[in-house]
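Here, residue 1 is the first one in the sequence, and each next residue gets the next number.
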Amino acid sequence: QVQLVESGGGLVQAGGSLRLSCAASGRTFSSYAMGWFRQAPGKAREFVATIGWNGGSTAYADSVKGRYAISRDNAKNTVSLQMNSLQPEGTAVYYCAGGRRAYGARGEYDYFYWGQGTQVTVSS
């Protein structure tokens, strides 16, 4: 059974930082892209960041570019999201996702496996 388990969410003041982690089990994702999405209250889930199978390619939503950084450790089957300069609009449930392609995975349709999500709340 494939599982993706996120951790690291919490409450932070605007301008602060958080680091999210996602541990995968039941399948190795070393040949596939991994990604992060988020869903704010009353809104649709949206793309945040993706990283290619070997970490060589990354892509970000314009709203987080320059503040968030995605990374992966294929030996540990984990992916992380470092979030800096957090703003209240970053408040959302953040989801880790395991892809069905090697890189360039920006759409939900590019992902086959999803975690349960971790709540990030940014206070103003």
Side-chain angles (χ1 to χ4, degrees):
Q1 181 181 359
V2 178
Q3 281 191 314
L4 299 176
V5 179
E6 302 96 337
S7 61
L11 174 64
V12 64
Q13 287 189 329
S17 298
L18 279 176
R19 184 176 181 85
L20 304 183
S21 295
C22 173
S25 61
R27 174 189 170 122
T28 179
F29 286 93
S30 59
S31 298
Y32 299 95
M34 299 289 290
W36 288 94
F37 287 73
R38 67 186 180 187
Q39 186 168 21
K43 295 188 177 182
R45 188 157 59 184
E46 64 176 4
F47 166 77
V48 175
T50 184
I51 186 166
W53 67 280
N54 65 351
S57 67
T58 58
Y60 299 90
D62 288 343
S63 59
V64 307
K65 200 172 295 183
R67 298 185 297 116
Y68 290 16
I70 188 171
S71 60
R72 68 188 297 163
D73 185 335
N74 283 344
K76 296 181 179 179
N77 218 19
T78 60
V79 62
S80 298
L81 184 69
Q82 177 67 41
M83 305 185 295
N84 299 324
S85 301
L86 280 160
Q87 299 302 314
E89 53 267 31
T91 294
V93 176
Y94 283 71
Y95 297 91
C96 169
R100 62 171 83 226
R101 55 190 295 177
Y103 55 89
R106 298 177 66 106
E108 290 193 44
Y109 46 84
D110 289 321
Y111 294 88
F112 196 69
Y113 299 101
W114 295 85
Q116 293 299 307
T118 185
Q119 177 70 47
V120 171
T121 303
V122 185
S123 62
S124 57

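Hydrophobic cluster membership is shared by Leu20 and Ile70, with clusters built from Ile, Leu, Val, Met, Phe, Trp and Tyr side chains linked at under 4.5 angstrom. Under the 4.5 Å side-chain heavy-atom criterion for ILVMFWY residues, a single connected hydrophobic cluster contains both Ile51 and Leu18. Cluster annotation: Trp36 is not connected to Tyr111 through the hydrophobic network of ILVMFWY side chains, with a link wherever side-chain heavy atoms come within less than 4.5 Å. Residue Met34 is not grouped with residue Phe47 when hydrophobic side chains (ILVMFWY) are merged at heavy-atom distances under 4.5 angstrom, including chains of intermediate members. In terms of hydrophobic clustering, with Ile, Leu, Val, Met, Phe, Trp and Tyr side chains grouped at heavy-atom distances under 4.5 Å, Val48 and Val12 are assigned to a common cluster.
Note that Arg45 lies in the cation-pi zone of Tyr95, set by a 6.0 Å cut-off to the ring centre and a 45° limit from the axis.
In this structure, Gln82 contributes its side chain and Arg19 its backbone to no donor-acceptor pair below 3.5 Å. Thr91 places a side-chain N or O within donor-acceptor distance of the main-chain N or O of Val122, the cut-off being under 3.5 Å. A side-chain donor-acceptor contact under 3.5 Å links Asn77 to the backbone of Phe29. The backbone N or O of Gly56 sits nowhere less than 3.5 Å from a side-chain atom of Tyr103 that would complete a donor-acceptor pair.
With values rounded to the nearest 0.5 angstrom, Glu6 atom CD is found 5.5 Å from Cys22 atom SG. Distance CG/Leu4 to CZ/Arg27: 10.0 Å, rounded to 0.5 Å. To the nearest 0.5 Å, atom OH of residue Tyr68 and atom OG of residue Ser85 are 9.5 Å apart. Summarising the geometry, atom CZ belonging to Arg38 is positioned 8.0 Å from atom CD belonging to Glu89; distances are rounded to the nearest 0.5 Å. Atoms CD and CD, on Gln119 and Gln39 in that order, are 10.5 Å from each other to the nearest 0.5 Å. Note: Tyr113 OH to Arg100 CZ = 9.0 Å, rounded to the nearest 0.5 Å.
Between Val2 and Gly26, the shortest heavy-atom contact is CG2-O, 4.0 Å. The minimum heavy-atom distance linking Ala33 with Thr50 is given by the pair CB-OG1, 4.0 Å. When all heavy atoms of Arg106 and Ala59 are compared, the closest pair comes out as NH1-CB, 3.3 Å.
Tyr32 has its ring centre no less than 6.0 Å from the ring centre of Phe112.
Exactly one residue among Thr78, Val79, Asn74 makes a side chain to side chain contact (heavy atoms under 4.5 Å, CB included) with Lys76. That residue is Thr78.
In this structure the side chain of Arg67 never reaches within 4.5 angstrom of the side chain of Tyr60, judged on heavy atoms.
Atom CD of Gln116 is surrounded by 12 or fewer heavy atoms from other residues, nucleotides or ligands within 6.0 Å.
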